[in-house]
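To start, the structure under review is shown below, and the notes come after it.
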Amino acid sequence: MKFQNPAEESAMPTYRIMDADGKIVDNTRDPQSASDEEVIGWYKNMLTVSILDLIMFDAQRQGRTSFYMVSAGEEGVAVGSASALTPDDVCFLQYREQGVLIQRGFTLKEMMSQLFANKDDYGKGRNMPVHYGSEKLNVHTISSPLATQIPQASGAAYALKMQRLINPNTPERVVACYFGEGAASEGDFHAALNMAATKSCPIVFVCRNNGFAISTASIEQYKGDGIASRGLGYGIDTIRVDGNDIFAVREVMREARKLALQGDCRPVLVEAMSYRVSHHSTSDDSFAYRAKREVEEWKRRDNPITRLRKWMENKGIWNEDKEKEARAAIRKKVLQEFSAAEKVKKPPIRAMFEDVYEEITPEARAQMKELKRLIETYPKEYDVSQFEGGSKSLE
Ligand SMILES: Cc1ncc(C[n+]2csc(CCOP(=O)(O)OP(=O)(O)O)c2C)c(N)n1
């Protein structure tokens, strides 16, 4: 009799194409599978995420927005994986994947409208900042309860498979579902993987393992070999990848997408290793639970942006001048959209009552009427001038 002991098993390896100096270490793969222009495009998208993050983090500190979450250190996972998807593929996000949205074509204006909850926000200003969504880009709207999107994503993938069974002319599509290693401790993660495996769903689960879930280090989050080892238990093809290596993330995602669509379809699990360089959110001071020096060391040692920059410089397609120019242009664009979005009116107050159900109920109508009466009775208490249509929208 022998008990299998996880400590005696070797850890799952981490796939890598280029090292921290931007040098290619896996020559069996063409690191590019894309033109120089495309690679530069990914680089600029990662820079955009990073510059947007710095500006919006400061804006929150000045009280100009209520909340923000940065993606520092994880730009490569988001942009690299999204670059391997087609526009038809469907995405479910957690919240630290702004690079997925930008790579899919979400504009800075769309981003700012959500962050400032103005009348151009698709969510009509109802959600906290960073809870983006885009019907046009097949990105489901982000919600705060962790991991709830994972079984929903399995269900969506099952629906895509059924669509093709009913009509084989429907284009091949997969679901890409993102979550953190902390969220993977939720029951929903387990329900989702089991459902996707037993129903053979065309889905790629992308776990961002950045070492922390707010103040909880991953050493307190699980005892096994990360999240990847769980995939095998559910009968799911699994790979661990270096999340700071955009080429590796892209290649893994391209292969995962192919696998997911093969034969009767099947789910794939990708665990992308990185480090959460930033505070968890604007509501968190991470130096209360980790040393500042540790963070500084990580920043200096490795980073998805500098890694790709080194590769591009080695190849002779990037230099200091281009870097300065790109940074200045992105910064200017972000600030332009920032000040434009800040000035746009808030959604009509009426929007507060809409979409709870498909139609406004008689009870909600009565509440609208009462709210209008209160606003008009106490105009000094309720300044509604910044809301589109003022109290009239409640008629
Ligand atoms: C169901 C649920 N529990 C707790 C929270 C509070 N919460 C928000 S983010 C977070 C940490 C998530 O960590 P992880 O999934 O590793 O993602 P990361 O923030 O590291 O990107 C927690 C506990 C929540 N939003 N939902």
Side-chain angles (χ1 to χ4, degrees), residues 46 49-50 52-53 56-57 60 66-82 91-102 123 126-133 139-153 176-193 205-231 240-244 249 269-290 294-295 298-299 303-304:
M46 288 199 287
V49 174
S50 145
L52 176 75
D53 275 356
M56 294 318 292
F57 192 88
Q60 194 282 336
S66 58
F67 181 76
Y68 196 73
M69 295 177 109
V70 318
S71 310
E74 296 176 63
E75 303 91 340
V77 177
V79 174
S81 59
C91 296
F92 285 79
L93 310 181
Q94 180 158 312
Y95 47 63
R96 218 181 289 287
E97 299 93 359
Q98 316 220 44
V100 170
L101 284 146
I102 289 182
R126 295 169 181 138
N127 227 325
M128 282 174 79
V130 188
H131 292 58
Y132 310 102
V139 178
H140 281 258
T141 301
I142 294 167
S143 71
S144 298
L146 287 174
T148 49
Q149 81 279 18
I150 321 178
Q152 292 161 8
C177 176
Y178 296 79
F179 50 88
E181 89 288 344
S185 293
E186 287 285 348
D188 275 345
F189 163 85
H190 298 277
L193 266 72
F205 297 106
V206 182
C207 177
R208 300 177 289 97
N209 190 338
N210 59 19
F212 285 93
I214 314 185
S215 58
T216 306
S218 55
I219 196 162
E220 293 171 63
Q221 190 69 246
Y222 51 72
K223 273 287 228 181
D225 178 20
I227 307 304
S229 65
R230 297 179 195 170
R240 176 173 284 149
V241 64
D242 181 341
N244 283 351
V249 173
L269 172 63
V270 175
E271 182 181 23
M273 308 308 287
S274 68
Y275 182 81
R276 201 197 75 215
V277 173
S278 60
H279 300 301
H280 170 71
S281 70
T282 47
S283 315
D284 172 53
D285 172 10
S286 68
F287 302 134
Y289 52 82
R290 63 180 185 182
E294 174 191 319
V295 179
W298 263 98
K299 270 194 203 166
N303 171 302

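Note that these values count all heavy atoms, side chains included, but never hydrogens, waters or copies made by symmetry. Remember, it's 1-based here, ligands and their atoms both numbered in the order they're listed. By convention here, the first residue in the shown sequence is residue 1. Note that the structure is predicted; figures quoted are calculated from it, not measured.
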### Query
Considering only heavy atoms from C-beta outward, does the side chain of Thr282 approach that of Phe57 to under 4.5 Å?
yes

#### Entry: salt bridge (charged side-chain N to carboxylate O under 4.0 Å, His left out) pairs, two or more places apart, involving residues 209-223
none

### Task
Dump the intermediate steps for side chain to side chain contact (heavy atoms under 4.5 Å, CB included) on Tyr95 and His131, then the final yes or no.
CA-CA 7 Å; Tyr95 47 63; His131 292 58; 5.7 Å; no

### Message
Angle between ring planes, Phe212 versus Tyr275, binned at 30° and 60°: parallel, tilted or perpendicular?
### Response
perpendicular

### Query
ligand 1: which residues have a non-hydrogen atom closer than 4.0 Å?
Gln94, Tyr95, Arg96, Ser144, Pro145, Leu146, Gly180, Glu181, Gly182, Ala183, Glu186, Arg208, Asn210, Phe212, Ala213, Ile214, His280

#### Entry: CE-CD distance between Met69 and Gln60, expressed to the nearest 0.5 angstrom
12.0 Å

### Message
Salt bridge check, Asp225 against Arg240: does any charged N sit closer than 4.0 Å to a carboxylate O?
### Response
yes

